[in-house]
Visitor: 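Take a look at this one; I'll ask things after.
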Protein chains: 2
Amino acid sequence: MKLKEFAKQLGLSPTTVSRALSGYPEVSEKTRQRVAEEAVRLGYRPNINAVRLVTGRAGAIGVVMGRSGEFQFSEYMSGMAERLDSEDIDILVSPLAEQDGKNENQLYSRLATSGRVDAVIIHSPMPNDERIALLHRLGMPFLVHGRSETQVPHAWLDIDNEGAIRRATSHLIDLGHRRIAMINGRAGLTFSLHRDKGYREALAQRGIQFDPRLVAHGHFTDELGFRFARSFLEQSPRPTAFVAGSMMTALGIYRAVRSRGLVVGRDISVIAHDDVFPYLTADNMVPSLSTTRSSLRAAGARSADLVLQLLSGRPATEIHELWPVELILRESTGPVPQPAA
Amino acid sequence: MKLKEFAKQLGLSPTTVSRALSGYPEVSEKTRQRVAEEAVRLGYRPNINAVRLVTGRAGAIGVVMGRSGEFQFSEYMSGMAERLDSEDIDILVSPLAEQDGKNENQLYSRLATSGRVDAVIIHSPMPNDERIALLHRLGMPFLVHGRSETQVPHAWLDIDNEGAIRRATSHLIDLGHRRIAMINGRAGLTFSLHRDKGYREALAQRGIQFDPRLVAHGHFTDELGFRFARSFLEQSPRPTAFVAGSMMTALGIYRAVRSRGLVVGRDISVIAHDDVFPYLTADNMVPSLSTTRSSLRAAGARSADLVLQLLSGRPATEIHELWPVELILRESTGPVPQPAA
DNA sequence: TGCTCCATCCAAATCGTTTTAAATTTTCAC
DNA sequence: GTGAAAATTTAAAACGATTTGGATGGAGCA
């Protein structure tokens, strides 16, 4: 069913019908109503590609999906979908086929110049991220999920990683812990740096010497969590508490602690960051896990919203949003154990 | 830069240029070469939306992304991307915003009738899957990743879940195990049923009584693996071996086994299915994990390929592909321990 | 040279919308 | 009842490609 045919059935011109459906003010409310109803009844829907051609809009937002598996895209994208549901906008994903950094730039480049998307979302940025410079240069609107320190102006949405980890660490210090290990995300990423900073600040505030042997960086996996925790626990004196970058990492830490015959929450305290997944909840862990919490899903929804604002003309330099992070105490944190008398 | 302008610069007509770029035979090789080179040099790229309008093709494949997190979309999609890289085809994801089943049908419906995609891929099908009937009715080409028992003709790519689990279970029986627990995927999904079948067949072949108390169904998470394993291990006599549906589940099982003071590979044998993720490898687990292995990434690549075949006219009824699954023995499987003398 | 036949190349129609600029109808004060 | 202003509606021109049906020019042959 084409517009022309549909309009004829209604006894109107294509123009009026098009306007009615797009909600323009030039068409009377009565007509608008009628057109809307008939469209549903007769099943008329504008050909999306014709619309795209004539308006010059792609009607899609691009997301490049890394392979590391550390970032839970499904959760974030569900959030985006929630917001985009009412709009007529798609999510286009470009999975990174290879790890190669140059390929990645090429991928962004192609995405930006292909006309397939109206905007792009960048994840896991670095302080000086090439992608930001690239997209800016190409004039493609984009939102950074996270932050960067580049001079290039960019819209961003980030959570307060620094504050979250500072508070978590401070809390552990309050509980009497002095040797606090930190298993952070991949080195070089902005959020890892922010977390490092929060950690060090908390230590510094209380006059505790920073010990680089207590900090590790890497992917957010159970496996790495286990390995790092395992090796930290072999130190003497060993750490009495862990700050972890993710729920996966925490699982690995739990495993490592148990494998040493120790008990989480009594011998070893653990706080991890929780992105809130439906299938892995801090409350259900044994013992339940103290967390710094911020919903990735909510971030996805808000990201979509901000991108829409960006597309409707709000300047990127105005779009900066920093979300506070909750600290939720559960069973995995407790006072530092007294050394065997 | 538009086609018209580009053609003028070359001193050719738009027709010839278009044909040259699309590789039609009516244009001489020399001209084709020249056009291709100049296109790169001058940066001419056909407007994708104009192409879409005039050809009627959307140039995209739709994937509906569930929220369960059990299915590793990034890995599968990377595979797809690998194959689609050379084609000019996008991947459109529609994350499921809610869990509601009716909403899901609506989502597929909208996707199919919106003209945004040329084909759809269905994941985690059930034996009698509504989505298959729906897409068939709507005349939207689709590939099922997995299988269904519906009469509706459909193209599919699946791995031999039944055979894989049958072999895994048989192997455990060969090692002397008699009480073998099975932690399977969500109840009702075809692949879970196939795995159940393989498990029961293996038992039946050796005259071992099937015990429903040794089988559990659920999402592929560490957490559920832990819980199920934990409760199985409380039985008396307890199982001496586990067959698990995923690597995550296996992690949970390892945890549960350790928490009972038992040792994987000696007291308890474990075999799990491995979809081959870059960040969680069976070899790196401690002890290394015996697996039934099939690369999800490869499945993604092949899926894309099959969809392209479907789109170029190959009948869906011809596209049925069943992949064998490797059984790889590592340290987590061993002979059944002798009962304490 | 004249003719046919290929290999190339081209003009114009088409895809299904949105939108500009203009025409028509309605409303309302006098 | 008239005329101007306001409210509706419309015809036709984009948008930027692909593709149909012809046109053109040169090679091959007598």
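In the text below, chain A, chain B and the rest are named by the order of the sequence lines, each starting its count at 1.
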Visitor: Has the side chain of R57(B) got a donor or acceptor atom sitting under 3.5 Å from an opposite partner on the base of dT18(D)?
Guide: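 In this structure, the two groups form no donor-acceptor pair.
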Visitor: Do the side chain of S13(B) and the base of dA11(C) come within less than 3.5 angstrom through a donor-acceptor pair of N or O atoms?
Guide: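 For S13(B), whose side chain was compared with the base of dA11(C), there is no donor-acceptor pair (under 3.5 Å).
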Visitor: Would you mind checking if D118(B) and R57(B) are paired as a salt bridge, meaning a charged N to carboxylate O distance below 4.0 Å?
Guide: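 Salt bridge between R57(B) and D118(B), a charged N being under 4.0 Å from a carboxylate O: no.
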Visitor: Without decimals, in angstroms, what is the distance between F6(A) CZ and dG16(C) C1'?
Guide: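 Whole-Å distance recorded here is 14 Å.
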Visitor: Can you say whether a donor on the side chain of T55(B) sits under 3.5 Å from an acceptor on the base of dA17(D), or the other way round?
Guide: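 By the distance-only test, no, there is no pair.
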Visitor: Nearest to the side chain of P46(B), heavy atoms from C-beta on, is which of dA17(D), dA14(D), dC15(C)?
Guide: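 Per side-chain heavy atoms of P46(B), the pick is dA17(D).
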Visitor: In whole angstrom, give the distance that lies between atom CG of L21(A) and atom C1' of dG16(C).
Guide: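 L21(A) atom CG is separated from dG16(C) atom C1' by 14 Å.
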Visitor: With a 4.0 Å cut-off on N to O distance, would you call R32(B) and E29(B) a salt bridge?
Guide: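 Salt bridge present between R32(B) and E29(B).
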Visitor: Tell me: CD of E29(A) to C1' of dA7(D), nearest whole Å?
Guide: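 In whole Å, dA7(D) C1' and E29(A) CD are 14 Å from each other.
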Visitor: So if I take every side-chain heavy atom of Y24(A) and compare against dT9(D), dT18(D), dT19(C), which nucleotide ends up nearest?
Guide: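 Per side-chain heavy atoms of Y24(A), the pick is dT19(C).
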Visitor: Hey, which of these two, G11(B) or V17(A), hits DNA chain C nearer its 5' end, going by closest nucleotide?
Guide: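 Final value for this comparison: G11(B).
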Visitor: Starting at CG of N49(B) and ending at C1' of dT18(D), how long is that distance when rounded to a whole Å?
Guide: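 Rounded to whole Å, this separation is 15 Å.
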Visitor: What's the closest nucleotide to the V27(B) side chain, out of dT20(C), dC9(C), dT17(C)?
Guide: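 Among dT20(C), dC9(C), dT17(C), the one nearest the side chain of V27(B) is dC9(C).
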Visitor: Strictly below 4.0 Å, N to O, side chains only: are D88(A) and R116(B) in salt-bridge contact?
Guide: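 Yes, D88(A) and R116(B) are salt-bridged.
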Visitor: Among the candidates dG16(D), dT17(C), dT18(D), find the nucleotide nearest to the side-chain atoms of S18(B).
Guide: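 Comparing dG16(D), dT17(C), dT18(D) against the side chain of S18(B), the answer is dT18(D).
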Visitor: What is the distance from CG of L53(B) to P of dT18(C), rounded to the nearest Å?
Guide: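 Value for this atom pair: 12 Å.
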Visitor: Could you check how far NZ of K8(B) sits from C1' of dC9(C), rounded to whole Å?
Guide: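 That distance rounds to 17 Å.
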Visitor: Using heavy-atom distances to pick each residue's nearest nucleotide on DNA chain C, tell me which of T31(B) and V54(B) is more 5'.
Guide: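 Closest to the 5' end, via its nearest nucleotide, is T31(B).
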Visitor: For the base of dT8(D), is there a side-chain donor-acceptor partner from T16(A) under 3.5 Å away?
Guide: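 No, no donor-acceptor pair under 3.5 Å.
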Visitor: Heavy atoms only, 4.0 Å cut-off, all strands: where does I48(B) land among base, sugar-phosphate and nothing?
Guide: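 Nothing: the residue I48(B), judged by heavy atoms under 4.0 Å, touches no strand.
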Visitor: Is any side-chain nitrogen or oxygen of Y44(A) closer than 4.0 Å to OP1 or OP2 of dG16(C)?
Guide: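 For dG16(C), neither OP1 nor OP2 has a side-chain N or O of Y44(A) closer than 4.0 Å.
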Visitor: Side chain of N47(A) only, heavy atoms from C-beta on: which candidate in dA12(D), dT17(C), dT14(C) is closest?
Guide: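 Closest nucleotide to the N47(A) side chain: dT17(C).
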Visitor: Regarding dT8(C), can its base be found pairing with the side chain of S28(B) as donor and acceptor, where the two atoms are less than 3.5 Å apart?
Guide: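 Donor-acceptor pair under 3.5 Å: no.
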Visitor: Does any part of the side chain of E104(B), heavy atoms only, come nearer than 4.5 Å to the side chain of E130(B), both counted from C-beta?
Guide: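 When only atoms from C-beta onward are counted, E104(B) and E130(B) do not touch, as no gap falls below 4.5 Å.
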Visitor: Do the side chains of E38(A) and R41(A) get close enough for a salt bridge, i.e. N-O under 4.0 angstrom?
Guide: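 Yes, charged N to carboxylate O under 4.0 Å.
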Visitor: Could you check if a side-chain atom of T150(A) sits within less than 4.5 angstrom of a side-chain atom of D129(A), using non-hydrogen atoms only?
Guide: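 Contact flag for T150(A)/D129(A) side chains = no.
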Visitor: Can you tell which of dC9(C), dT18(D), dT18(C) lies closest to the side chain of R19(B)?
Guide: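 Between dC9(C), dT18(D), dT18(C), the one nearest the side chain of R19(B) would be dC9(C).
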Visitor: Provide, to the nearest angstrom, the distance between the NZ atom belonging to K4(A) and the P atom belonging to dA12(D).
Guide: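 Going from K4(A) (NZ) to dA12(D) (P), I get 11 Å.
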Visitor: Taking only the side-chain heavy atoms of T15(B) (C-beta and beyond), determine which of dT17(C), dT19(D), dC15(C) contains the nearest atom.
Guide: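 That would be dT19(D).
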Visitor: Can you measure L3(B) atom CG to dA17(D) atom P for me and round it to whole angstrom units?
Guide: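 Distance check: L3(B) CG to dA17(D) P gives 5 Å.
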